[in-house]
A.B. asks: 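So that we are looking at the same thing, I have put the structure below in structure tokens.
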Amino acid sequence: MALKATWRDFRLFQKPYLSLSCRWLATQALTEEVVQDVSWGAARPYEEIPGPKPLPIIGNLHQFIPGLGEFGNMNVLAQHQALMEKYGKIVRISKVPGRRDMVFLFDPKYFEEVFRKEGAYPDRDIMQCLIYYRKVTRKDKYEGVGGLLVGYGEEWKKFRTTVNPPLMQPRITNMYIKPVTAVTNEFIERIKHLRDSKSEMPDDFMNELKKWSLESIALIAFDKRLGCLEPNLAPDSVPQKMIMAAKDFISCTETLEMRVPVWKIISTPTWRKFVKTMDFFLEISSKFINETLEKMRKRGACSDHELSALERILLRTSANPKVAYIMAMDMLMAGVDTTAINSSNAMYLLAKNPDKQEYLYQELKRFLPNRNDNITAEMLEDMKYLKACLKESLRIYGISTFNMRGTTSETVIGNYRIPKNVNLMMANALCGMMEEYFPQASRFMPERWLKHRPGHSRNYIGSAEDYDAVINNKPNPFLYLPFGFGARMCIGKRFAEMETAILISKLVRNFKLEYNYGEMTYSSRLVHKPENPLKYKLTERTA
Ligand code: HEM
């Protein structure tokens with residue numbers, strides 16, 4: 001039975017209480033319809049997609065070599081912009097040695113086509129280095145399991161089905177509000193001591209944010225506090241070693257993924273460092289998870305509502321710890337930098353938009369009359385302006401510059417035939433900043449996400465003028481997807497949103513935020529991140 005895809009169907013996808021499997025079934029129904037509509041014969045040949053012409057042997061490799069190629073000295077966002085300006089909204093980059101062909105898409109209607117056709121086993125061809133490490137270098141330890149980040153096909157599906165309910169159900173995420181608030185309260189105290197004589201944060205404040213996000217992720221990944229926020233951590237302490245490992249993971253992966261993959265042929269220093277970092281994560285994750293198993297054995301059975309996410313995963317795998325420790329590692333790899341950067345971006349935008357910060361402060365004061373009040377799930381749901389600020393911050397500064405799907409069979413996108421094993425790169429970060437899709441795109445306007453016109457009563461939130469300026473804009477729902485979409489979307493979405501919401505509410509409730517060093521510059525490789533020292537000025541509020 002072919003179902004008609006409507007806006008209402010899409011809204012159903014977005015309902016938080018719908019389980020992922022329901023959403024997946026709905027996607028399948030839509031997929032059937034789209035596939036039936038598509039005519040392969042009527043579509044234009046793959047070779048006709050505009051794009052730079054490949055050279056013999058090196059293909060398009062030279063285009064991206066710094067100092068040599070047209071796109072070599074640009075960050076990823078600038079590359080996207082240049083490709084779109086030169087070739088249009090669908091661009092083919094072919095024959096880069098060691099890489100799949102890529103088709104860049106700069107229009108949400110193409111994103112929609114891709115996601116609606118992604119099928120039961122969405123393919124995301126990233127982190128070749130992690131695949132190689134898990135499937136070849138340490139094959140004995142992983143026994144063919146790639147985990148979520150790099151698993152594919154049936155094997156990924158089985159893993160995702162096991163970990164999805166414990167990690168995505170709102171009722172389970174909500175169990176972590178209290179412990180994450182406790183971690184955040186400690187962080188707020190630490191911030192007070194980190195401030196210099198001008199009340200500014202140190203240059204490497206990002207490192208402090210990463211300690212906070214690592215400490216928070218450990219609550220869900222390992223069921224324990226690591227102690228990352230302790231002052232003066234010894235270099236050989238476990239938390240300090242984990243902080244360094246999280247840093248090394250990102251820097252090695254960026255080098256291994258973004259440059260020519262010579263590590264596949266010879267063992268380069270970066271590859272060796274990557275393996276050492278991964279081995280450390282494996283060792284520490286199995287140690288912590290075995291400790292949790294031991295605790296569970298000693299404690300015996302307990303009621304369902306008391307079980308943590310990790311305990312649920314362990315019970316669903318009959319106490320086989322392998323899934324739990326691979327999942328824990330994926331959380332460390334995907335959840336530390338992303339959440340820290342996201343929080344910094346929100347801080348920056350609020351600092352640069354004092355009127356918006358003031359609206360938020362007024363909202364926070366209503367929900368948290370005392371600065372140390374506890375935050376509840378209901379509050380996080382009801383603080384509409386906070387939610388709008390965080391949404392708007394992810395629009396302006398998306399963490400990942402693109403969503404990606406690999407084609408698992410021949411398909412038609414944008415009326416072109418696309419063969420199997422091509423990476424479709426959906427440039428959602430660039431599109432999110434295009435005037436064509438979001439009016440006043442470069443302005444921080446949380447009001448664009450509010451359902452109702454802000455009033456000027458005691459309960460006002462946001463600026464009515466800004467709301468009116470954007471109210472008629474109804475963006476394609478596939479345009480704004482900072483956490484991806486469908487069965488393969490970010491499994492940490494709820495946790496990440498909750499962590500950031502708690503941190504930003506505590507920060508803005510306690511301090512006035514400023515940033516007095518001009519415009520922040522950003523770099524984008526694997527993730528889009530700020531480059532300048534994060535010298536936020538934090539002045540304690542008196543009320
Ligand atoms: C602001 C923070 C974050 C952002 C913007 C973000 C974004 C993303 C995106 C865009 C994807 C790809 C989705 C797709 O292909 O459709 C993804 C996947 C993933 N993320 Fe996140 N993420 C964040 C935080 C987290 C956190 C805190 C965790 C862990 C608790 C996490 C774990 C993962 C995992 C394991 C995947 C792979 C899922 C799969 O393929 O089945 N992320 N994330």
Side-chain angles (χ1 to χ4, degrees), residues 13 20 23-24 27 111 114-115 118 120-127 130-131 145-153 155-164 166-168 172-173 176 180 209-210 212-222 246 309-310 313 323-324 326-346 390-391 393-406 423-429 432 478 480-504 524 526-529:
F13 284 142
L20 190 96
R23 270 186 277 142
W24 177 75
T27 314
F111 305 170
V114 174
F115 282 125
E118 70 178 8
Y121 308 111
D123 177 89
R124 201 184 45 233
D125 171 51
I126 49 158
M127 294 203 213
L130 188 58
I131 298 181
V145 180
L148 286 193
L149 283 175
V150 295
Y152 43 83
E155 166 236 317
W156 164 81
K157 186 91 198 161
K158 193 166 162 232
F159 197 104
R160 179 95 195 202
T161 309
T162 306
V163 297
N164 211 60
L167 295 177
M168 288 292 274
I172 300 175
T173 310
Y176 291 87
V180 169
L209 283 166
K210 287 183 190 173
W212 159 81
S213 67
L214 176 55
E215 189 71 15
S216 305
I217 283 289
L219 294 169
I220 193 160
F222 302 125
L310 174 57
I313 293 173
V323 167
I326 295 176
M327 189 62 239
M329 282 186 285
D330 279 6
M331 288 200 251
L332 295 182
M333 287 182 258
V336 176
D337 274 50
T338 46
T339 317
I341 296 168
N342 188 32
S343 304
S344 170
N345 293 342
L390 299 181
K391 235 178 144 177
S393 161
L394 262 171
R395 178 188 69 81
I396 296 184
Y397 295 121
I399 310 293
S400 74
T401 44
F402 52 81
N403 280 314
M404 177 208 278
R405 287 292 178 265
N423 284 340
L424 302 169
M425 319 290 284
M426 295 166 267
N428 53 309
F478 287 84
Y480 176 82
L481 295 172
F483 292 96
F485 178 78
R488 202 134 204 185
M489 77 183 293
C490 176
I491 202 164
K493 175 178 186 286
R494 288 189 200 299
F495 197 73
E497 285 175 338
M498 180 260 283
E499 282 177 281
T500 313
I502 292 175
L503 178 62
I504 296 300
S524 44
L526 211 55
V527 290
H528 190 54
K529 57 183 174 205

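Just follow the structure's listing: the first ligand is 1, and inside any ligand the first atom is 1.
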A.B. asks: Hey, does Arg124 come in under 3.5 Å of ligand 1, counting only N/O atoms on both sides?
C.D. replies: yes
A.B. asks: If you measure every N or O of Thr339 against every N or O of ligand 1, does any of those distances drop under 3.5 Å?
C.D. replies: no
A.B. asks: For Phe159, is the nearest heavy atom under 4.0 Å from an atom of ligand 1?
C.D. replies: no
A.B. asks: Considering only heavy atoms from C-beta outward, does the side chain of Val163 approach that of Val323 to under 4.5 Å?
C.D. replies: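 Of all side-chain heavy-atom pairs linking Val323 with Val163, at least one is under 4.5 Å.
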A.B. asks: Who gets closest to atom 25 (C) of ligand 1 by heavy atom: Ser216, Ala334, Ser343, Gly486?
C.D. replies: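 The residue whose heavy atom sits nearest atom 25 (C) of ligand 1 is Ala334.
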A.B. asks: Just by distance, do the side chain of Arg395 and the backbone of Gly432 share a donor-acceptor pair under 3.5 Å?
C.D. replies: yes
A.B. asks: Tell me whether ligand 1 is touched by Glu497 - counting only heavy atoms on the residue side and a distance under 4.0 Å.
C.D. replies: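 The answer is no, since Glu497 has no heavy atom less than 4.0 Å from ligand 1.
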A.B. asks: Answer yes or no: is there a donor N or O on one side and an acceptor on the other, between the side chain of Tyr176 and the main chain of Met498, under 3.5 Å?
C.D. replies: no
A.B. asks: Out of Ile491, Val163, Leu332, who gets a non-hydrogen atom closest to atom 34 (C) of ligand 1?
C.D. replies: Ile491
A.B. asks: Taking atom 6 (C) of ligand 1 as the point of reference, which of Phe483, Phe485, Tyr397 owns the nearest heavy atom?
C.D. replies: Phe483
A.B. asks: So which of Asp123, Leu394, Asn342 gets nearest to atom 1 (C) of ligand 1, if we judge by its closest heavy atom?
C.D. replies: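 Shortest heavy-atom distance from atom 1 (C) of ligand 1: Asn342.
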A.B. asks: When you measure from atom 41 (O) of ligand 1 to each heavy atom in Met333, Met404, Arg160, which option holds the nearest one?
C.D. replies: Arg160
A.B. asks: Counting only nitrogen or oxygen atoms and a 3.5 angstrom limit, does Arg405 reach ligand 1?
C.D. replies: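 Yes, since at least one N or O of Arg405 sits under 3.5 Å from an N or O of ligand 1.
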A.B. asks: Which protein non-hydrogen atom lies closest to atom 19 (C) of ligand 1, naming both residue and atom, and how far is it?
C.D. replies: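 That would be Cys490 CA, 3.7 Å.
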A.B. asks: Any donor-acceptor pair under 3.5 Å linking the side chain of Asn403 with the backbone of Phe485?
C.D. replies: no
A.B. asks: Is Arg124 reaching over with its side chain to a backbone N or O of Tyr152, donor-acceptor style, under 3.5 angstrom?
C.D. replies: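 Side chain of Arg124 to backbone of Tyr152, a donor-acceptor pair under 3.5 Å: no, none is there.
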A.B. asks: Assign the ring pair Phe115 / Phe478 to parallel, tilted or perpendicular, where the plane angle (0 to 90°) is split at 30° and 60°.
C.D. replies: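 Phe115 and Phe478: parallel rings.
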A.B. asks: Would you say Glu499's side chain and Val180's backbone share a donor-acceptor pair under 3.5 angstrom?
C.D. replies: no
A.B. asks: Gly484 heavy atoms, cut-off 4.0 Å: which ligand 1 atoms fall inside?
C.D. replies: 10 (C), 13 (C), 14 (C), 16 (O)
A.B. asks: Is a donor on one side and an acceptor on the other found under 3.5 Å between the side chain of Ser344 and the backbone of Ala340?
C.D. replies: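 No, the answer is negative, given that no donor and acceptor are paired below the 3.5 Å cut-off.
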A.B. asks: Going by distance only, is there an N or O of Ile217 that falls short of 3.5 Å from an N or O of ligand 1?
C.D. replies: no
